[in-house]
Structures are given as structure tokens and as C-alpha cells.
Amino acid sequence: MGLNLVAADIGKHYNGKPVLQGCSYTFDAGVHVLMGPNGSGKSTFLRICALLEPPDAGEIIYRTGGNALPHDAELMRRITLLLPKTGLFNTTVSGNVAYGLRIRGVEKSEILSRVERMLDFVHLSGRQDQNALTLSSGETQRLGIARALAIGPEVLFLDEPTASVDEENREIVENIILKMKRENGPVIVMTTHDRAQAERLADRILIMKDGKLGETGNK
Amino acid sequence: MESISQGFIQAFRLILHLDAELFGIIALSLKVSGLALIIAALLGIPFGALIGLRRFPGRSLVISGMNTFMGLPPVVVGLFVYLLLSRKGPLGFLGLLYTPSAMVIAQLILAFPIVAALCHSAIVDVQPLIRQAARTLGATPLQVTATVIAEARYGILSAVIAAFGRVMAEVGAILIVGGNIAGYTRVMTTTIALETDKGNFELALALGIILLLISFGVNTALHVFQRKGMRGVKRWA
């Protein structure tokens with residue numbers, strides 16, 4: 001049974017100023033795209049949903065088969081967030097993809113085959129031994145996706161995954177997301193400024209404005 | 001002029017003939033400095049990492065202290081260790097004065113702040129994004145720490161190499177605590193000082209050439225590691 005998550009009445013303040021207020025939503029299977037102007041609270045909401053920072057009000061509930069799960073290390077290993085700046089490690093391309101698997105103690109042969117599969121998935125085959133920090137911004141983003149997908153997340157958060165990439169790489173990243181969607185991959189929650197992109201990818205589009213989640217609906 | 005060129009010819013002859021005295025001195029230098037460096041690395045890397053990764057009261061003071069001690073004058077360290085190890089000193093009962101162990105202690109005191117302070121800098125230079133990335137991929141706090149240290153590896157190696165360069169070239173402290181005893185505590189730098197005083201330039205020059213080669217090797221390695229480390233910094237600048 002796959003994971004889903006419920007954001008229940010989430011609130012967050014920074015320096016006494018409300019950033020999020022009463023944000024509630026249930027993220028089930030599919031692609032959920034969160035839109036809104038800069039500073040509207042999208043990234044904060046994503047980080048709270050990904051359990052990287054606690055909310056000041058409300059709660060995040062991860063469920064499987066109707067049962068709420070504790071926010072422990074095991075749950076953290078079933079979800080992941082890809083940041084707009086990927087934060088690649090100063091090692092090879094394959095070393096980056098293998099990272100999440102190595103810290104989980106996955107066997108070497110399994111790591112090798114999964115790394116190969118993931119690099120093929122993001123069109124970076126043959127680049128295994130290249131230093132990851134020498135990749136272009138588009139390739140960096142694709143490697144970030146491969147690294148995140150390698151761990152087989154059940155919920156994948158993508159914070160503006162195409163914000164700093166060229167047209168060609170944007171298309172590749174979008175195709176990767178669509179392929180995950182077709183193959184019943186993880187629950188995807190992503191943010192974007194691009195309305196057309198949201199239309200192309202989303203099962204549901206959510207609008208964040210002044211820290212409030214509204215105007216949700218099917219696309 | 002002729003005596004200088006003669007000195008160089010003799011010096012190269014000593015090196016090429018693998019002169020036993022010359023290489024005995026080099027071996028002792030490498031042994032003393034190497035041991036001091038290994039201990040300094042074993043203590044300094046975790047200490048630098050701790051200061052870089054943890055927040056605690058008095059941390060700024062510790063960092064300032066570490067940075068100050070990086071520039072410790074070797075003769076002062078020599079004097080301090082001498083007073084500690086001299087017969088009437090608090091550690092005099094150990095009988096370590098004028099032994100290679102005393103030289104290791106003096107060099108350790110010089111190397112430790114360099115390793116710790118540069119290690120601390122290397123760790124704080126690792127981008128916060130790296131920690132975040134590790135966390136988002138499910139790393140435990142211990143694994144996040146290991147990842148940050150791994151990312152700082154070139155800076156850490158640079159720290160160790162810089163400390164090695166410092167202790168290999170040092171003369172004041174080991175002269176005071178080692179006593180420059182032939183075949184026992186006489187190392188490259190103290191031999192150069194002594195032989196120059198005596199006017200025996202060939203051995204001094206031979207050791208000088210070797211010391212320069214070691215220094216060149218150390219600096220080349222330092223440059224390579226710093227360049228490798230800079231790749232990560234440039235990427236996110």
C-alpha cells in the first residue's frame with residue numbers, strides 16, 4: 001500500500017510574520033502542482049510537507065492503508081525533496097546516484113544496476129565517471145532527479161525543478177515526470193511558476209497566495 | 001664563488017651516492033615529523049570537525065585560540081616543552097628531554113592548531129546545501145556529518161599537508177628540546193644550522209636541496225588538493 005500525506009491546517013511564522021496560514025490538503029497518487037508568486041510560501045510548505053522543518057500550527061500526517069505513520073528515520077527514507085539548487089556531492093555522477101543507496105546499506109551489485117538504470121532514465125548514460133560538479137545546470141537537475149529516484153521514494157517533492165534549466169532540459173525533465181506518472185511512480189508534489197508546465201504535468205493544480213492554499217481543482 | 005659551486009657538486013655527490021649519514025638524517029626527520037603529523041591529524045581532524053559542526057558556548061573563543069596558535073613561534077614552543085620536560089619540570093620524571101619523543105611533542109604542538117584550524121575552515125566551507133541534500137536523501141545525523149567531512153576531504157588533506165610543511169621546515173623548537181645529538185636527535189634543519197656554522201657546506205647544501213624538494217612536493221600536493229576542493233566552491237558561488 002502506497003503512502004499518501006495529509007497537510008492539516010498548517011501554519012508557519014518567520015519573525016512574527018505569517019508565511020503559511022491554515023493550509024490543508026490531501027496528497028494522493030498523481031502529480032500535484034503548487035503555483036503562486038514568489039514569497040507566497042510554496043517552498044516553505046514543501047519543506048514542511050517533506051518534514052525538513054516543523055510547522056508552527058497544524059500537522060503533517062503520512063498514512064499507509066489508513067494508518068498514520070510516526071515521523072521517524074524510516075519514514076524519512078520513504079520520501080525525498082529535490083531542491084531548486086541540487087547540492088550535488090563533489091564526486092562522480094554515479095557516486096551521487098549511489099549515495100542514498102549506500103547509506104541504506106544496499107548491496108553493491110544492486111547499487112550498480114540501479115545507478116545504471118537511473119542514469120539511463122534521465123539521459124545521462126555514459127557519464128558515470130564524470131565529476132558531477134562539471135555538469136551543466138540542466139544535467140545537474142537531471143542528476144538530482146536520478147539521485148532522488150534511485151532510493152525509490154514513495155513521495156517525491158520537486159521544488160521548481162526546471163527553474164534554472166534551458167528549454168531542452170526542461171523538456172527532458174518534464175518527460176521524466178510524465179514517465180513516472182505513467183508508470184504509477186511516487187506521489188509527486190512540485191512547485192512551478194510556469195502555468196503551461198503545470199497544465200502539461202499536473203493531475204491537480206493548487207494555488208498558493210499570501211500563505212494560503214486555495215483555488216484547488218482538477219486541471 | 002668557487003667554494004659555493006664546489007659545495008653544490010659535493011652536495012649532489014652525497015645525494016647520488018646515497019650517503020648513509022645524509023639519509024639517516026632524512027629518515028629521522030621524516031620519522032619525527034611524520035609521527036607528529038599523524039598524531040596531530042588524529043587529534044586535529046576530529047577537533048576541527050567538532051568545532052565546525054557543533055555550536056556550543058565559548059566556540060568563538062576556541063576558534064580564535066586555534067587561529068592564534070597557528071602562528072606559534074617555534075622557539076617559544078621549544079622553551080615551553082623544555083620547561084615541561086626538564087628534570088625539574090612537571091614531566092621531567094619521564095626522561096624525555098633530548099630524545100626524538102621530545103621533538104615529536106614539540107612538533108605536535110606546532111602542527112595541531114594548523115590541522116584543527118584549517119580543518120574547521122574546510123568544514124564550514126561546505127555548502128549548507130550539501131547537508132540539506134544528504135538529509136533529503138534519508139541520511140541520519142551521523143551520516144550527514146560523515147558526508148560533510150567527506151565533502152571537505154580536499155581541504156582536510158590540505159590542512160595536513162600544510163602542517164607537514166610547517167613541521168619539516170621547523171628548527172627552533174626541536175633544537176631546544178632535541179639537543180641536536182648526532183645520530184640520535186639530529187634532523188635536517190638542525191644539521192643545516194650546525195654544518196653551516198662549521199663551514200661544512202656540502203652536507204648542509206645536500207640537506208637543503210632535499211628539504212627544498214620535499215617542500216616543492218608538499219606545495220604541489222597542496223595546490224592540487226586545493227584546486228580539487230575549489231571545484232565544489234566554484235560550482236555554487
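Lettering of chains follows the sequences in order, A, B, ..., and the numbering in each one begins at 1.
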Which atoms of A/I79 come close to chain B, meaning under 4.5 Å heavy atom to heavy atom: side chain ones, backbone ones, both, or neither? backbone

I'd like to know if B/E170 pairs up with B/R166 as an ion pair, taking the criterion as any Lys NZ or Arg NE/NH1/NH2 lying under 4.0 Å from an Asp or Glu carboxylate oxygen. no

Which bit of B/R131 is near chain A, if near means a heavy-atom gap under 4.5 Å: side chain, backbone, both or neither? neither

Whatever's closer than 4.5 Å to a heavy atom in chain B on A/Y99 counts as side chain

Verify side chain to side chain donor-acceptor pair (under 3.5 Å) between A/S136 and A/E139, making sure each step is shown before the conclusion. CA-CA 5 Å; A/S136 71; A/E139 289 165 341; 3.3 Å; yes

Using non-hydrogen atoms and a 4.5 Å limit, figure out which bit of A/L81 sits close to chain B: side chain, backbone, both or neither. both

Portion of B/A150 that has a non-hydrogen atom of chain A nearer than 4.5 angstrom: neither

Counting heavy-atom pairs under 4.5 Å with chain B, the top scorer among A/L82, A/I151, A/L52, A/L51 is A/L52

Answer yes if the ring centres of B/F47 and B/F112 are under 6.0 angstrom apart, and no otherwise. yes

For the pair A/D203 and A/K181, evaluate salt bridge (charged side-chain N to carboxylate O under 4.0 Å, His left out) and give the outcome as yes or no after the intermediate values. CA-CA 9 Å; A/D203 293 307; A/K181 188 172 155 178; 3.4 Å; yes

In terms of the angle between their ring planes, are A/F27 and A/F45 parallel, tilted or perpendicular, with boundaries placed at 30° and 60°? tilted

For the aromatic rings, using the six-membered ring if either is Trp, is the centroid distance between A/Y25 and A/H32 under 6.0 Å? yes

Check each atom of A/R102 against the heavy atoms of chain B and say whether the ones under 4.5 Å are side chain, backbone, both or neither. neither

Need one label for B/Q143: side chain, backbone, both or neither, based on atoms under 4.5 Å from any heavy atom in chain A. both

